[in-house]
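Sequence lines set the chain letters: A, B, ... in the order given, protein chains first and strands last, and positions in each chain run from 1. Note: hydrogens, waters and symmetry copies are ignored here, and every other heavy atom, side chains too, is used.
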There are 2 protein chains.
Amino acid sequence: MTSKTVFEKLDLAPAYRQVSDSVEKMIRSGRLSLGDWLPPETELAAQLGVNRSTVREGLRGLEHAGLVRRDGKRLKVAIPHYTELASRASRALVMHQVTFRELSEAAAALETITAIFAAQRIDEGGIRALENNLKEMKARLNDIDSVVSLDIEFHNLLAEYADNRALSLAREPISLLFYPAGKIILTRLKTQKRILDAHKRIVALVRKHDEAGVRAWMERHMADLKRGYERTGIDMNRPMDSAV
Amino acid sequence: MTSKTVFEKLDLAPAYRQVSDSVEKMIRSGRLSLGDWLPPETELAAQLGVNRSTVREGLRGLEHAGLVRRDGKRLKVAIPHYTELASRASRALVMHQVTFRELSEAAAALETITAIFAAQRIDEGGIRALENNLKEMKARLNDIDSVVSLDIEFHNLLAEYADNRALSLAREPISLLFYPAGKIILTRLKTQKRILDAHKRIVALVRKHDEAGVRAWMERHMADLKRGYERTGIDMNRPMDSAV
DNA sequence: ATAATCGGATTGTCCGACAATATAAAGCGT
DNA sequence: ACGCTTTATATTGTCGGACAATCCGATTAT
């Protein structure tokens, strides 16, 4: 065993990680802010005292995380947008083998509270957007794919007019998994009409800012979806792997 | 204008992006599964027909996303764990300048439903864990930092025994921002006792599986926290930048 | 069998090079 | 002076090769 060498070492994390941490800190501390250009790779390399290749490896991480974005050739500081985070999160949910039960419970809770906030805060434009959605769905009631995507849109609209981004971020990964899976129900049970009816009622109540009514109907709607899954014979404890 | 050159081009995304996409697809399709070693960089480079540097840049993205993890020297396939995703999400919330209002609304909704599920499903072990938490908090009621972290732990315990990972993933980024900010309240208003009392009541109700009671008290508790913020003079429309 | 030793495999980092291209600068016609 | 084209420059993407450090497995010595 070596016996004399005292201390030394203590390098740990590879240099590329230190690069990304360093740049991230720079951003978070505000010394680099939103639209700023990142310094060129060569300059970063010089400043940090590492090779350009190392810098590049560090930047890839940040780029992947959405913290910097290519605009033309160079990189500029950005903020990761919801949809990216949400899709990442839903992929994680799939990998963690989250079950239908968990998903449907969470969806019920989140969509209900979302609808309630929407009922409190929606304006004329919001109402119109929702009504357009209803009209569209009515028109395409036989095209299952359209119904699915309009269903997703319906709930996204509610989220938008609920005016709470924290809630949006929370519900999005779940909705991203939950509603597309509904295609199974639709193809087997033809429940489009039922969905459309529920949406109609909800819009009517939202327009009247009737929070209690919205709560009741959204709960009912979500329970209905759950029942749909059960009636198609899906084991609610089955993980959500197939879809997406 | 060039006139002859027909087709060609159509390269798009840089090679390193294609590398990460390719590996990610490999993972998601199951051809590489959870604990598997990734091929060595040289081999990946050979298989994909690119240089090792390019492969490395591609891998950095996946590593940053938590899809592959260093185990010793080589990389193995992993799944991104909650806490990483959650902290990433909460950082995003901060960058999006989400307000206290949004956060507190979302927290109220999520913690309430979480507590209700916990009341349905908790077992003896869970009750004991909660009671330990209460005991600890009682013992350290004057150490504000301890109270804050025990408060966080309390709600995390509820989430754990609510047995719904989708909900956990949804609430975690919010709780990660919301409770630490409570330190402001505690230092100014000394509301530790009030928090502890609320927690005690909630535990009592959870033990009795009294869902309605839990709902009522959790709502009360969250409203109380909100009022605390207001009374410390914080503008609820202020973004959450300072903390974390 | 256990411990020490060795060698190959693999990653981390560096260097240097070059093509492609986006951006800035210079030129030019009006 | 202005708008357009051309030229230069800066910057990124990709490559090839190199080498030290280190982990892992096989071999050898105890």
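- When each of A:R101, A:E102, A:H96 is tested with A:T99 by the rule side-chain hydrogen bond (donor to acceptor under 3.5 Å, both in side chains), just one qualifies, namely A:E102.
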CA sep, side-chain torsions, deciding dist, call: A:R88, A:E84, salt bridge (charged side-chain N to carboxylate O under 4.0 Å, His left out) = CA-CA 6 Å; A:R88 208 172 288 292; A:E84 291 175 32; 5.1 Å; no

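- Here C:dT13 presents its P atom at 13 Å from CG of A:L48, a figure rounded to the nearest Å.
- Residues from residues 33-42 of chain B lying near DNA chain C, meaning a heavy-atom separation below 4.0 Å, are B:P40, B:E41 in numerical order.
- A:N156 and A:R171 are linked by a side-chain donor-acceptor pair at a separation below 3.5 angstrom, with hydrogens and angles left out of the test.
- When atom types are taken as modelled, the side chain of A:Y229 and the backbone of A:D235 share no donor-acceptor pair closer than 3.5 angstrom.
- In this structure, A:Y16 places its OH atom 9 Å from C1' of C:dT11, rounding to the nearest Å.
- B:S20 is not listed as a side-chain neighbour of B:L59, based on a closest heavy-atom distance of 4.5 Å or more.
- Partner of A:Y16 under the side-chain hydrogen bond (donor to acceptor under 3.5 Å, both in side chains) criterion, out of B:H64, B:R56, B:E63: B:E63 alone.
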Step-by-step salt bridge (charged side-chain N to carboxylate O under 4.0 Å, His left out) determination, B:E24 to A:R91 | CA-CA 11 Å; B:E24 186 169 345; A:R91 280 179 290 179; 2.4 Å; yes

Protein-nucleotides 14-17 of chain C N/O pairs under 3.5 Å:
from	atom 1	to	atom 2	distance (Å)
C:dC14	OP2	A:N51	N	2.8
C:dC14	OP2	A:T54	OG1	2.6
C:dC15	OP2	A:N51	ND2	3.2
C:dA17	N6	A:R52	NH2	3.3

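- With no hydrogens or angles considered, no side-chain donor-acceptor pair links B:T54 and B:E57 at under 3.5 Å.
- Regarding B:Q18, its CD atom lies at a distance of 13 Å from the P atom of D:dG13, rounded to whole Å.
- Residue A:R60 is in sugar-phosphate contact alone, with no base atom involved, counting any heavy-atom pair closer than 4.0 Å across all strands shown.
- D:dT14 atom P lies 14 Å from atom CG of B:L59, rounded to whole Å.
- A distance-only check finds a donor-acceptor pair linking the side chain of B:R121 to the backbone of B:A162 [under 3.5 Å].
- One atom, CD of B:E43, and another, P of C:dA9, lie 12 Å apart when rounded to the nearest Å.
- Scanning residues 61-74 of chain A for heavy-atom distances under 4.0 Å to DNA chain D yields A:R70, A:K73, A:R74.
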Dump the intermediate steps for side chain to side chain donor-acceptor pair (under 3.5 Å) on B:N133 and B:E153, then the final yes or no.
-> CA-CA 8 Å; B:N133 178 278; B:E153 192 195 64; 2.7 Å; yes

How far apart are the C-alpha atoms of B:K76 and B:D36, what are their side-chain angles, what is the distance that settles it, and do they pass the salt bridge (charged side-chain N to carboxylate O under 4.0 Å, His left out) test?
-> CA-CA 5 Å; B:K76 61 170 51 178; B:D36 291 358; over 6 Å; no

